[in-house]
Peer 1: 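Sending over a structure as structure tokens; questions will come in a sec.
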Amino acid sequence: MIRGLCGELPSDVAVAAVGGFGRRELAPGSDVDLMFVHLTEGRTHKGHLVDAILYPLWDSGLPVSHSVRTPADCRAEAAARLESLTALLDARPLAGSIELVGQAKEAATTTVREDAEAFVGALRRSRQERGARFGSVGRMLEPDLKEGLGGLRDIQILRWLAMLGVLEESIEVEAEGSPSPLAGAQNHLLLVRAALQRTSTSRSNRLLAEYHQPVAEALEIEDRPGWEPRDWLMREVFEHGRWVEHVADGALRMAQPALARWMAPHGLIETITQRDGPAILRAEDATGRLNRLLPQWEAVRGRAQRDPYHRYPVDVHLLETFGEAALLLREPDEPFVAEAATSIGDPAPLLLGALLHDIGKVGKGSHVRTGVDVASQALEDLRVGGIVRDDVLFLVEEHLLLSDTATRRNLEDEDMILNLAARIRDQRRLALLYLLTVADANATGPSASSPWRLGLVRELVAKVSHAYERGLMDSDRAGRLAQAESALRGTLASAGVSPDEAGAFIAAMPPGYLLWARAAEAADHLPLVIPRPGLGEVRTTVRPGDAPGTYRLSLGAIDRVGLLAAVAGSMTLSGLSILAAQAFTTEDGLALDVFELRGAFEEEVTADRWQRFGSLINEALQGTLDLRERVHSLQAHYRAARGDIPVTVHIDEDASDFYTVVDVSAPDRLGLLYDLASTLSEHDLDVHVAKVATYGPRVVDVFYVRDSAGQKVNDPARAAELERALVAAASEH
């Protein structure tokens with residue numbers, strides 16, 4: 001069409017295609033860039049010719065841009081503006097004097113050859129600006145295919161450098177006989193760009209997430225095992241973009257683009273702990289050689305992450321986390337990080353953990369559970385064993401522990417803190433996990449690394465560290481907890497409980513439960529709290545007790561102030577005498593209580609009495625039963641407790657960082673636990689842990705309590721009032 005409009009042009013005028021039109025790389029949304037070259041300023045036919053060509057093109061709806069220059073203008077523009085210079089390098093004659101177009105191009109090539117260093121410097125600066133503005137095609141989840149680093153603009157840079165002899169032949173865009181990797185990358189990015197602009201009906205070069213699937217369909221990308229079409233599309237875009245960015249980096253450094261040496265598997269740890277370890281790994285990934293070193297890398301390479309937090313595909317996120325971890329060790333940015341960095345000793349577990357922590361994101365199942373298996377095989381392939389292997393697998397399995405707990409759990413819950421301390425095992429692993437958490441957050445994006453989130457993580461780490469310092473969790477106790485957890489998992493598996501359900505149950509229960517519970521009873525306890533009971537619902541299970549004529553009743557319900565009093569009062573009214581009790585509260589506010597019972601009046605507890613207890617506890621929790629009146633009425637018919645056993649109450653504010661510990665010793669009698677629990681409830685105190693033991697005629701009850709606001713008693717006057725009330729309650733009747 002353009003040639004037809006041009007007709008026979010005078011010998012002192014030419015029309016040239018420049019930019020993408022000159023390179024024959026137009027996309028549906030591209031401008032048609034024309035340059036009119038004329039010999040002198042004095043000729044009057046110039047304006048008429050330009051108008052005669054441009055207006056029909058504009059009338060047809062084509063987005064045409066143009067410039068009108070003499071060869072002298074071209075020389076001045078090439079010297080003044082990089083954009084004008086590179087446009088001239090791509091000029092292609094369309095009509096008129098080919099010689100004039102050649103003079104225009106010569107103006108550009110002469111400018112470059114006269115000062116090649118300045119040209120390369122200008123390209124570097126321009127590229128840095130593009131990187132800051134558009135990011136990287138090979139690393140961004142919504143890349144700009146044209147301006148992003150590794151995109152079409154980088155390929156143009158390589159073309160210009162090769163055209164001018166600045167670039168070595170081994171990196172030419174076209175290889176003899178068949179397309180080079182760069183030519184393949186160019187063809188692919190052009191196809192994706194064209195499909196994007198067709199499906200989006202826009203001129204945008206940014207491949208937004210909403211267009212991933214339509215573009216994949218337009219390119220007829222099919223499903224592959226483990227890959228949706230849209231994810232395979234992005235994987236190919238990432239791979240091509242990464243390769244182009246790597247080659248452009250090398251070309252602008254005037255050096256060979258490929259890494260000079262190949263890392264052997266046994267040399268990985270030595271390599272990653274070097275100062276330039278992050279740069280080496282990025283280069284290995286860009287060239288595809290990291291797949292040979294880590295076959296497991298193939299499944300995450302270029303895999304998009306479709307959530308609001310992550311800004312990179314999986315493999316780039318892993319490399320960024322690795323780089324962030326290395327930076328934290330080398331240049332800690334705050335005292336908390338500095339202290340952790342000095343306490344981990346060997347950095348290899350942290351760096352390997354950072355590189356592998358999300359290696360399980362392969363599009364199926366829990367990425368954490370899968371990640372442990374994948375990382376285990378990777379470490380075996382890399383011949384990494386011993387404590388380094390154990391630490392890396394720990395980091396892969398628990399890399400979400402601190403961030404999830406800090407943002408979703410009550411940090412004033414001592415049992416939760418001790419549970420974390422048990423899972424982490426020691427101060428060194430806590431430091432490793434904290435550093436990985438910070439590196440992971442920084443590599444994820446601003447939402448994950450906000451001051452609020454990282455502040456909560458620091459607070460949590462300080463509390464867990466304090467538990468180690470106070471001796472609340474030492475290596476012996478941690479070992480016992482690990483053994484107990486293993487036994488519980490084995491029992492639950494034998495009972496047909498799924499690993500996910502077993503893991504959720506064990507993670508929710510406080511350390512005290514894990515150390516106390518009998519593995520054989522775990523299968524009875526799990527359904528009491530999983531799935532979560534409804535409001536006012538009480539679940540129970542009964543089995544024979546340790547001694548003849550005794551029973552063990554386990555109970556699950558939503559925790560509330562007064563729950564223990566309601567249970568104890570209902571047992572008293574049902575003719576059940578409490579010999580011992582253990583009450584626990586899960587991290588998400590469920591009560592799991594276990595009572596050792598016997599019949600108060602008859603040795604055998606029949607099914608009717610268990611049913612009576614169930615009815616009474618439901619009425620008590622619904623508020624339709626006056627427990628106090630009924631229990632005290634029953635107590636009036638029975639003899640008082642022995643008077644030679646003193647009542648003592650001790651309130652300890654120092655035994656726990658998070659709870660007031662109330663210790664009551666008193667003579668045993670009917671309804672004692674109900675009276676004590678009711679008194680605590682009347683003082684707005686919730687029982688988080690209770691231990692009840694009967695020693696002949698004497699009972700020792702210990703309660704870990706805090707008020708409905710989650711606070712300890714603290715106030716001496718309030719503590720004194722509570723002590724007087726408990727003494728009175730234990731001394732009644």
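None of these values were measured; they are calculated from a predicted model.
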Peer 1: Starting at CG of Leu454, measure out to CG of Asn442 and round the result to the nearest 0.5 Å.
Peer 2: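 If I round to the nearest 0.5 Å, the distance is 6.5 Å.
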Peer 1: Quick test of your reading of the model: are Arg125 and Glu129 salt-bridged, counting only N-O distances below 4.0 Å?
Peer 2: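 Not counted as a salt bridge, because no side-chain N and carboxylate O are separated by less than 4.0 Å.
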Peer 1: For residues 389-398, which residue pairs pass the side chain to side chain donor-acceptor pair (under 3.5 Å) check, not counting sequence neighbours?
Peer 2: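 The answer is Ser376-Arg389, Asp391-Arg428, Asp391-Arg429, Glu398-Arg423.
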Peer 1: Could you tell me the separation between the CG atom of Leu402 and the CG atom of Leu433, rounded to the nearest 0.5 Å?
Peer 2: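 Rounded to the nearest 0.5 Å, the CG-CG separation comes to 4.0 Å.
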Peer 1: Could you tell me how the ring of Phe584 sits relative to the ring of Trp516: parallel (under 30°), tilted (30 to 60°) or perpendicular (over 60°)?
Peer 2: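 Ring orientation of Phe584 relative to Trp516: tilted.
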Peer 1: Of the non-hydrogen atoms in Tyr434 and Ala340, which two are nearest, and what is the gap between them?
Peer 2: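 The answer is CD2-CB, 4.0 Å.
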Peer 1: Between His688 and Tyr659, what is the ring plane arrangement, given parallel below 30°, perpendicular above 60°, and tilted in between?
Peer 2: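 Parallel.
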Peer 1: Taking atom CD of Glu653 as the centre, does the number of heavy atoms from other residues, nucleotides or ligands within less than 6.0 Å exceed 12?
Peer 2: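 Yes, CD of Glu653 has more than 12 neighbouring heavy atoms, counting only those of other groups under 6.0 Å.
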Peer 1: Gly589 and Arg532: which non-hydrogen atoms are nearest, and at how many Å?
Peer 2: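 Nearest pair, atom of Gly589 first, then Arg532: O-NH2, 4.3 Å.
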Peer 1: What's the spacing between Thr660 OG1 and Asn714 CG if we round to 0.5 Å?
Peer 2: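 Interatomic distance, Thr660 OG1 to Asn714 CG, rounded to 0.5 Å: 6.0 Å.
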Peer 1: Quick one: pull up CD in Glu324 and CG in Leu436 and give me the separation to the nearest 0.5 Å.
Peer 2: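 Separation between the atoms: 11.5 Å.
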Peer 1: Any chance you could measure Leu281, atom CG, to Phe322, atom CZ, to the nearest 0.5 Å?
Peer 2: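 Here the interatomic distance stands at 4.5 Å.
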Peer 1: How about Phe703: does its CZ atom have over 12 heavy atoms from other parts shown lying under 6.0 Å from it?
Peer 2: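 Counting neighbours around CZ of Phe703, more than 12 heavy atoms of other residues, nucleotides or ligands fall under 6.0 Å, so yes.
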Peer 1: Would Asp588 and Thr586 count as having a side-chain donor-acceptor pair, cut-off 3.5 Å?
Peer 2: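 Asp588 vs Thr586: donor-acceptor pair found between side chains.
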Peer 1: Specify the closest pair of heavy atoms between Ala448 and Ala441, including all atoms of both residues, with the distance to one decimal.
Peer 2: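 Shortest heavy-atom separation between Ala448 and Ala441 comes out as O-CB, 3.5 Å.
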Peer 1: Taking only residues two or more places apart in sequence or in another chain, which ones pass side-chain contact (heavy atoms from CB on, under 4.5 Å) with Arg127?
Peer 2: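 So Arg127 forms a side-chain contact (heavy atoms from CB on, under 4.5 Å) with Arg130, Leu149, Asp154, Ile157, Glu245, Ala248, Asp249, Leu252.
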Peer 1: Using a 6.0 Å cut-off, check whether atom CZ of Arg330 has over 12 heavy atoms from anything other than its own residue.
Peer 2: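 Atom CZ in Arg330 is crowded, with more than 12 foreign heavy atoms closer than 6.0 Å.
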